[in-house]
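What you see is a predicted model, and the numbers here were worked out from it, not measured in a lab. Counting starts at 1 for both ligands and their atoms, following the listed order.
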Amino acid sequence: MMWKTAAFSGWGRLPYGTSQATRPERFGQLRAAVTGSGAGTLIARGLGRSYGDCAVNEGGRLVLTERLDRIVSFDAGTGDVVVEAGISLRSLLDIFLPRGFMVPVCPGTAYVTVGGAIANDVHGKNHEKDGAFGAHVRWFELMLASGEIVRASRDSDTALFDATVGGIGLTGFIVTACLRLARIPSNALIVRERPVPDLDALLAKLHEEASATYSVAWFDALASDGSLGRGIVETATVSPTNIQVKPRKPKSLPVTPPSLVLNSISVRAFNALYRARVPANGREKLLDYDRFLFPLDSVLGWNRMYGKRGFRQFQSIVPAAALVPLLERIGRSRAGSFLAVLKAMGPAGTGMLSFPTAGYVVALDFPNKSGIVELLSDLERITLEHGGRVYLAKDSCLSAQGFAAMYPRLPEFLDVLERVDPKRRLGSNMSRRLGIRGGTP
Ligand SMILES: Cc1cc2nc3c(=O)[nH]c(=O)nc-3n(C[C@H](O)[C@H](O)[C@H](O)COP(=O)(O)OP(=O)(O)OC[C@H]3O[C@@H](n4cnc5c(N)ncnc54)[C@H](O)[C@@H]3O)c2cc1C
């Protein structure tokens, strides 16, 4: 899964279409890449795990950060770790989990960099309790488009801090960051799974267990009427005792199936089997953090499951009142999504373009076939009508108007960009599509 190739500090094509790419190993090489001349705009790319185009820069330049991945210092008293921003959460977990420290917020894959986690202010299954990734960042150092390195925190240059957390890489290149890791009593979680017959029961169970650190629900996206929102609610509480952890051996998807294999009939069959796994009165098990938090990381190339045409994800946060219209529209489309997830979110952080805020996250993967773009545009409209917002890390279709309406702090963000990048050297496909930094690259 971790894709590493030879050191490379000039500009070259690599497998990035019409972009030039460079992979610096030292800050000096990074500065040379950032300040040197070249075609088009520049943008950082971590491990490329965003689903849309925030780390894509056609006709421009990509700075691959994965080799700027050293640990600079660690304070076992506070849990503060200073790292280069290209380090992955996978590496941090491998080093610190056995020592009783946890990355406080993890998305559904560990194969993301610290820089990518800050730039999308990622959230986990514990947002209600622990907030988003940015809430655990004490400070970072950012290389601006001019090559100057500046430090930002909640106490110094707060505007730059809040613009960079969730700022999809447009303020500059995060070079180092200080994160506060969480001390944990064991390597295990007590995981409870309970089937729920409908949306009311699902929402009630998501909030029922006050002691649970993590909660998430899978729902049957093809269910309708009285069964709308039926699914399985999973909660997890930290276990006081360790368990023996067998090393995980990820399996590869043996073949890329034809796109036709995924249709409403196969998804309906999968959903019935998936629901039937959990007995009517629920079940409880002890799992290590990895197996609970990153189920998809055990299947290498899982994204190939959608065939050559790939897939699109829809992910938005909405208030409870929007859930019925959203789920009904999804069910009517019969588009079929194995991955249909609902999470309860806590209050918003301070990032100007951060996605997480109070409400419910709905996330679904749809095979990329005819009618999907229209479906996503309807889901965008329903989200907007209810005052919700679409997640940029997962987005490939949002309109510029929809984006501006969903992210009301955009004008503040643009002011910071004018200050730190007046020559408009940074940009991505996403920044152009959403009208943040327009024009050709
Ligand atoms: C299986 C799977 C499950 C996921 N689950 C979740 C989830 O539960 N919650 C969630 O929030 N997200 C989730 N995600 C999305 C993922 O966490 C984000 O897209 C994350 O930002 C990817 O990090 P990356 O290192 O791959 O960054 P990339 O995708 O390469 O880049 C993301 C953004 O970060 C910027 N960036 C990267 N490095 C730097 C840097 N050093 N300085 C400045 N900007 C930088 C890029 O310019 C880009 O705008 C999931 C993704 C996958 C594949």
What donor-acceptor contacts under 3.5 angstrom involve side-chain atoms of residues 135-147, with partners at least two apart or in another chain?
unit_1, atom_1, unit_2, atom_2, d
H136, NE2, D130, O, 2.8
R138, NE, D80, OD2, 3.1
E141, OE1, T176, OG1, 2.7
S146, OG, E148, N, 3.3

- [ ] Dump the intermediate steps for side chain to side chain donor-acceptor pair (under 3.5 Å) on T109 and D297, then the final yes or no.
- [x] CA-CA 6 Å; T109 173; D297 285 356; 2.8 Å; yes
Contacts under 3.5 angstrom, residues 338-352 side chains, donor-acceptor by atom type, not counting sequence neighbours:
unit_1, atom_1, unit_2, atom_2, d
T350, OG1, D162, OD1, 2.9

Task: Neighbouring protein residues of ligand 1 - any heavy atom closer than 4.0 Å - done: I43, A44, R45, G46, L47, G48, R49, S50, Y51, C54, A55, T65, A85, P107, G108, T109, V112, T113, G115, G116, A119, N120, V122, H123, I168, G169, G172, F173, I174, L296, W302, K343, Y391, A393, K394
TODO: Only pairs at least two apart or in different chains count here, so list each ring-ring contact (aromatic ring centres under 6.0 Å, His included) that has a residue in residues 346-365.
DONE: H123-F355, H207-Y360, F355-Y391
Task: Ring centers of Y407, F413 separated by less than 6.0 Å - done: no
Open item on the list: With a 6.0 Å cut-off on the ring centroids, do Y51 and F311 count as close?
Closed with: yes
